[in-house]
> 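Here it is, the structure, as structure tokens.
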2 protein chains.
Amino acid sequence: MRFSTRGRYGLLLMIDLAQNSARGPVSLKSIAERQNLSEHYLEQIVPDLRKNGLVKSIRGAQGGYILNKSPSEINVGDVIRVLEGPIAPVECENQLDEECCANTDFCVNREVWVKIRDSITDVVDSISLADLLQGENKEIMEK
Amino acid sequence: MRFSTRGRYGLLLMIDLAQNSARGPVSLKSIAERQNLSEHYLEQIVPDLRKNGLVKSIRGAQGGYILNKSPSEINVGDVIRVLEGPIAPVECENQLDEECCANTDFCVNREVWVKIRDSITDVVDSISLADLLQGENKEIMEK
DNA sequence: CAAATCCCGATTGGTTTAGTAGGATATGAA
DNA sequence: TTCATATCCTACTAAACCAATCGGGATTTG
């Protein structure tokens with residue numbers, strides 16, 4: 001029951017952009033260095049973020065990526081869903097009448113998966129990139 | 001971000017035992033038939049449940065498995081953790097000073113993963129097998 | 001003893017993961 | 001105009017994981 005590196009790296013990338021793209025495009029290379037990730041692997045992740053309107057790309061020299069909305073308008077859930085697909089602890093939870101639940105005469109466990117899904121959704125949709133940056137400052141202040 | 005069949009089948013198996021093992025041992029074969037699962041695959045899952053004290057086995061003809069505690073004393077979380085490992089949406093959340101978080105100078109996202117983990121934990125540890133059986137009856141009544 | 005049943009290890013085919021390789025395209029700066 | 005810096009795109013791959021299957025062995029009841 002894990003998120004893959006796509007979600008994790010993607011969130012790091014978005015945070016990095018939130019911190020650094022205010023004054024101009026940020027290259028994947030610099031993000032990869034700061035976050036200690038493979039640039040080439042980020043290259044594979046970032047198109048999904050672009051196609052879904054979370055970041056904007058500027059091609060050519062001195063190009064890079066910038067956030068397409070303000071950090072307070074982007075939720076963790078937006079990023080996760082784009083990179084990991086829909087939040088669903090099992091495949092079938094929405095399809096009571098399909099194969100998965102036709103097996104057992106009554107899908108007792110559905111309740112469990114739905115509650116898990118909803119609780120995860122609540123969390124990721126209530127935290128914005130701005131919240132995370134603020135959290136960071138708070139923790140640094142506390143040091 | 002999915003649970004595997006281990007957790008899903010295991011929970012079905014436990015529910016089946018909760019329904020059927022009150023009066024004596026239940027064979028994997030009969031569970032596999034009722035739940036429409038592979039008997040052999042269940043055979044691979046059930047040792048973990050036994051070793052962790054959730055079920056008890058009776059060997060030999062007319063043998064099978066029974067619950068080792070009452071359904072109200074077994075939580076969904078117990079079953080999930082035994083079959084899927086600890087609930088942790090990422091690997092590193094407990095080790096701020098280890099590799100994973102040594103990469104970035106500050107692990108901003110940790111907050112996110114901890115909250116997700118806690119919310120899942122809350123759900124699975126608050127639902128017992130007995131609760132699920134009751135839920136089933138309720139739904140059947142509503143029909 | 002035979003059948004039912006749990007127990008155990010090995011193997012397998014398919015999918016996913018976490019990348020790497022290599023190049024095409026665009027663009028600002030020298 | 002050329003070069004360095006970027007994004008963009010399509011393959012490829014090695015390793016791990018998943019969901020089983022296979023083939024037996026040990027134990028107990030009838």
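The sequence lines fix the lettering, A, B, ..., with proteins before strands; numbering per chain opens at 1.
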> B:Val26 near the nucleic acid: base, sugar-phosphate alone, or nothing, with a heavy-atom cut-off under 4.0 Å?
sugar-phosphate
> Can you tell me how far P of C:dG19 sits from CD of A:Glu39, to the nearest Å?
14 Å
> C:dT17 phosphate, OP1 or OP2: any side-chain N/O from A:Tyr41 under 4.0 angstrom?
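False: A:Tyr41 side-chain N/O out of range (4.0 Å or more) of C:dT17 OP1/OP2.
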> For a 4.5 angstrom cut-off between non-hydrogen side-chain atoms, does A:Leu129 reach A:Leu67?
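A:Leu129 vs A:Leu67: side chains touch.
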> Take atom CZ of B:Arg2 and atom C1' of D:dC17, then tell me their distance rounded to the nearest Å.
16 Å
> Return the value, rounded to whole Å, for the distance between atom CD of B:Glu43 and atom P of C:dC8.
11 Å
> Regarding C:dT17, can its base be found pairing with the side chain of A:Arg6 as donor and acceptor, where the two atoms are less than 3.5 Å apart?
no
> When you check the phosphate oxygens OP1 and OP2 of C:dC6, does a side-chain N or O of B:Ser57 lie under 4.0 Å from one of them?
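It does not, given that no N or O in the side chain of B:Ser57 lies less than 4.0 Å from OP1 or OP2 of C:dC6.
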> Locate the shortest heavy-atom distance separating A:Val55 from A:Val46; write the atom from each residue and the value.
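Looking at all heavy atoms of both residues, the shortest contact is CG2-CG2, 4.3 Å.
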> Do the side-chain N or O atoms of B:Ser38 get closer than 4.0 angstrom to the phosphate oxygens (OP1, OP2) of D:dT21?
yes
> Under 4.0 Å between a side-chain N or O of A:Tyr9 and OP1 or OP2 of C:dT17?
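Answer is no, no contact under 4.0 Å.
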> Rounded to the nearest 0.5 Å, what separation is found between the CG atom of B:Leu37 and the CG atom of B:Leu13?
8.5 Å
> In plain terms, say whether B:Arg81 and B:Asp125 are close enough for a salt bridge, that is, a side-chain N and a carboxylate O under 4.0 Å apart.
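A salt bridge links B:Arg81 with B:Asp125.
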> Measuring to OP1 and OP2 of C:dT16, would you say a side-chain N or O of A:Ser4 lies under 4.0 angstrom away?
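For C:dT16, neither OP1 nor OP2 has a side-chain N or O of A:Ser4 closer than 4.0 Å.
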> Once you round it to whole Å, what is the distance between C1' of C:dT5 and CD of B:Glu33?
14 Å
> Starting at CG of B:Asn36 and ending at P of D:dA20, how long is that distance when rounded to a whole Å?
11 Å
> Could you check how far CG of A:Asp48 sits from P of D:dC9, rounded to whole Å?
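After rounding, the gap between these two atoms is 11 Å.
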> Pick the closest DNA chain D nucleotide for A:Gln62 and for B:Phe3 by heavy atoms, then say which residue is nearer the 5' end.
A:Gln62
> Can you tell me which nucleotide in C:dA18, D:dA19, C:dC7 comes closest to the side chain of B:Thr5?
D:dA19
> Checking only heavy atoms, does the side chain of B:Arg59 share a donor-acceptor pair with the base of D:dT27 at less than 3.5 Å?
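Answer is no: no donor-acceptor pair is held.
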> Without decimals, in angstroms, what is the distance between B:Ile58 CD1 and C:dC7 C1'?
14 Å
> Hey, can you tell me if A:Trp113 and B:Phe3 have their rings parallel, tilted or perpendicular (30° and 60° cut-offs)?
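Rings of A:Trp113 and B:Phe3: tilted, as their planes differ by 30° to 60°.
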> Looking at C:dC6, I'd like to know if its phosphate oxygens (OP1 or OP2) sit under 4.0 Å from a side-chain N or O belonging to B:Arg50.
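Answer no for this pair, as no side-chain N or O of B:Arg50 is under 4.0 Å from OP1 or OP2.
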> To the side chain of A:His40, which of C:dA3, D:dT21, C:dG22 is closest?
C:dG22
> For A:Gln44 and C:dA18, give me the distance from atom CD to atom C1', rounded to whole Å.
8 Å
